[in-house]
Amino acid sequence: MVTISQSLAHVKAHLSELLPEATIFQLCRDLGHRWRNRLLNPAVTVQLFLLQLLAQVALDGLRHVARLSVTAQALCKAKQRLPLQLLMALVE
């Protein structure tokens, strides 16, 4: 029998397959969102946001879970740059 924690671990391990960067980038282009090619681009930011929710960690702990060398402040600013319409489209 598969447990919830096993399912959660599977989703976390395959997040980029379940929500590919190309899909996020295409949605951003469709919405007219512009960004610079940096570490915290829209695709990485969305995936980190979902990982934060799934792992139930604060921004400070997210960098450890994601194994990225970024500050909580940088993550917060990156999330603020995401258009609300992008998140709404991803929910659909």
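If you're wondering where the values come from, they're calculated on a predicted model, not measured in any experiment.
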Where is the tightest heavy-atom contact between Glu21 and Ala43, given as atom of each residue plus distance? CG-CB, 3.5 Å
Let me confirm one number: the CG-CE distance from Leu31 to Met88, rounded to the nearest 0.5 Å. 10.0 Å
CG of Leu50 to CG of Leu90: how many Å apart, nearest 0.5 Å? 7.5 Å
Shortest non-hydrogen separation from Leu86 to Cys28 and the atoms involved: CD2-SG, 3.7 Å
Could you give the distance from CZ (Arg81) to CG (Asn41), rounded to the nearest 0.5 Å? 10.0 Å
Looking at CG of Leu75 and CD of Gln80, how far apart are the two atoms once the value is rounded to the nearest 0.5 Å? 11.5 Å
Taking C-beta and beyond as the side chain, do Lys79 and Gln52 meet within less than 4.5 Å on heavy atoms? yes
Distance check, rounded to the nearest 0.5 Å: Leu27 atom CG versus Glu92 atom CD? 9.5 Å
Once rounded to the nearest 0.5 Å, what's the spacing between atom CZ of Arg63 and atom CG of Leu68? 10.5 Å
Can you list the steps and then say if Phe25 with His33 is a side chain to side chain contact (heavy atoms under 4.5 Å, CB included)? CA-CA 9 Å; Phe25 287 142; His33 179 61; over 6 Å; no
Quick one: do Trp35 and Leu19 end up in the same hydrophobic cluster if we chain Ile, Leu, Val, Met, Phe, Trp and Tyr together by side-chain heavy atoms under 4.5 Å apart? no
Per side chain to side chain contact (heavy atoms under 4.5 Å, CB included), Leu48 is matched among Thr45, Val44, Val46 by Val44
Where is the tightest heavy-atom contact between Ala74 and Leu40, given as atom of each residue plus distance? O-CD1, 3.7 Å
